[in-house]
Amino acid sequence: MGISTSEGRSRSAALYRRACEVLVGGVNSPVRAFRAVGGDPVFVERAEGAYIVDVDGNRYVDLVGSWGPAIVGHAHPRVVEAVQAAAGKGLSFGACCEAEARLAEMIVGAVNGVDKVRLVSSGTEATMSALRLARAATGRTKTIKFLGCYHGHVDSLLVAAGSGAVTFGEPDSAGVPPAFAGTTLLAPYNDLVAVGRILDEQGDDVAAIIVEPVAGNMGFVRPDAGFLEGLRGLCDRLGSLLIFDEVMTGFRVAWGGYQMLAGVTPDLTCWGKVIGGGMPVAAYGGADALMSQLSPLGPTYQAGTLSGSPLGMVAGIETLGICGGGGFYDDLYAKAGRLADGLSRAAEEAGVSLRTGACGGMFGMALSENPVRNFDDAQACDHDCYAAFFRCMLDRGVWLPPSGYEAMFVSAAHDDAALGHVLDAAAESFRSCRS
Ligand code: KE4
């Protein structure tokens, strides 16, 4: 599996040259450009189960999973058949359909404190709309976000953002008016004192605190014990709303999301990725009293042509139907934990400093001697070594995120053979990129 030289990806290279003629940077989302890891992006022909196959026929164990959606494995028969059947009835109606209510019922039934949701088409739409609702509900204008967290390309949140933004050294995007960025107040992740200080100074104008309950856009960073509980207490004290951005963690780390594991209930939750199973589906939701302030019931407007599109709905319904099966998340966590532990052992044997962590079907690695608790720690990791490791793993048939600022994902389809291949490739790659 995989190839030893870039010549084995000549068709990808040709397609990349062609794409660069008409697509900005040859891509439709910057992190795919492989800029942080070197080399040309690899073009994918198809994906099946735990594997991706590129246009040159090379096969890779996939640890990106389309950045989270492919939790049941690529091209799962149940999901594909449901989408195929729905497609035959029309791709989009711009009108209500039963499947919207069915998917919403599954989300509401899974997450405590959520009475109503609004389905949208991307995580960015979900977070942007949740923030608008929070501002409307509180009559306040400011938002607190955490350095290194990424909530999509919402103007006011592209401040000290993680994921692709920091990968390209653009945590603060051009084109965002100071008036927008100025509504966003920043604190280091896991730093309740910093949040308290901001709230002491400006708390009466803070509409919301938005947080990734496990940060997956500056690597894999878990909340310290008490961090999320502390945010909940500060919001309660000052009348700000707590928003959990579970676009990545929702239905990925547990059926009810990380909030269920932490026992902390936010006022609004955002979901994406897994709830669409690979189709463009996202959502935000919360208590009826808050959500009923949205149009058409209330004065806060939000809309979308393809919101609730039937194909996305059935893909999400089937995906969540599989995730809701007994032991699903225990199995995922066992696989993610096996990879995290195996990567640690392989790095140690090669004399490479590595930190790893896992939660549900999500895990991460950081090339650092020190724990990674926040953005400063994440930026201090050895990203050059990660780039070398990425290239070694790619040539050995393992598809990692093309940036050290990302989390990794396993699916129900990752079997012993796939996991074993990853760990064998990692042992060779750590030795190779160390030298
Ligand atoms: P989208 O607009 O890309 O669907 O979702 C934005 C978003 C919101 N919140 C969190 C916690 C997220 O992780 C994301 C998007 N995640 C990135 C990967 N870290 C998507 C990959 C990309 O940008 O190409």
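Every number for a ligand or one of its atoms is a count from 1 in the order of the listing.
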request  = Flag the pair V111 / Q259 as yes when at least one side-chain heavy-atom distance between them is below 4.5 Å, and no otherwise.
outcome  =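 In short, these two side chains touch, coming nearer than 4.5 Å.
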
query = Looking at side-chain heavy atoms only, is the closest gap between L131 and H151 below 4.5 Å?
reply =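 Heavy-atom side-chain distance check fails, nothing below 4.5 Å.
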
Would you mind telling me if ligand 1 is within reach of the side chain of [X], the backbone, both or neither, using heavy atoms under 4.0 Å?
X: E212; value: side chain
X: V247; value: side chain
X: E406; value: side chain
X: R32; value: neither

query = Heavy-atom distance from atom 9 (N) of ligand 1 to the protein below 4.0 Å?
reply =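 Answer yes: something from the protein, a heavy atom, is under 4.0 Å.
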
task = Could you tell me if any non-hydrogen atom of G272 lies under 4.0 Å from any atom of ligand 1?
result =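 No, that is not the case, since the closest heavy atom of the residue is not under 4.0 Å from the ligand.
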
request  = Decide whether the shortest distance between a heavy atom of D245 and an atom of ligand 1 is less than 4.0 Å.
outcome  =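 Distance cut 4.0 Å: D245 passes for ligand 1.
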
Among protein heavy atoms, which lies nearest [atom], and at what distance?
atom: atom 22 (C) of ligand 1; result: S29 OG, 3.4 Å
atom: atom 1 (P) of ligand 1; result: G123 N, 3.5 Å
atom: atom 19 (N) of ligand 1; result: N217 OD1, 2.4 Å
atom: atom 2 (O) of ligand 1; result: T124 OG1, 2.7 Å
atom: atom 7 (C) of ligand 1; result: G152 N, 3.7 Å
atom: atom 17 (C) of ligand 1; result: K273 NZ, 3.6 Å

With a cut-off of 4.0 Å, which atoms of ligand 1 are near a heavy atom of [X]?
X: S122; answer: 2 (O), 4 (O)
X: Y150; answer: 9 (N), 10 (C), 11 (C), 12 (C), 14 (C), 15 (C)
X: M248; answer: 13 (O), 19 (N)

Check [Y] with [X], please: is the shortest side-chain N to carboxylate O separation under 4.0 Å?
X: D395; Y: R391; result: no
X: D56; Y: R9; result: no
X: R102; Y: E105; result: yes

inquiry  = Are there over 12 heavy-atom neighbours, none belonging to H153, within less than 6.0 Å of that residue's NE2?
reply    =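 No, the 6.0 Å shell around NE2 holds no more than 12 heavy atoms from other groups.
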
request  = Assess whether atom OH of Y301 is packed by more than 12 heavy atoms of other residues, nucleotides or ligands within 6.0 Å.
outcome  =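 Counting other residues, nucleotides and ligands, OH of Y301 stays at 12 neighbours or fewer.
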
key: Residue pairs fulfilling ring-ring contact (aromatic ring centres under 6.0 Å, His included) with at least one residue in residues 205-233, sequence neighbours excluded   =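 Non-adjacent pairs meeting ring-ring contact (aromatic ring centres under 6.0 Å, His included): F146-F227, Y189-F227.
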
request  = Using the test side chain to side chain contact (heavy atoms under 4.5 Å, CB included), find all partners of P213 that sit at least two apart in sequence or belong to another chain.
outcome  =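 Expected list: L228, F244, E246, T249, Y258.
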
Check: R140/S240 side-chain N/O donor and acceptor closer than 3.5 Å =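 Note: R140 and S240 side chains meet the donor-acceptor criterion.
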
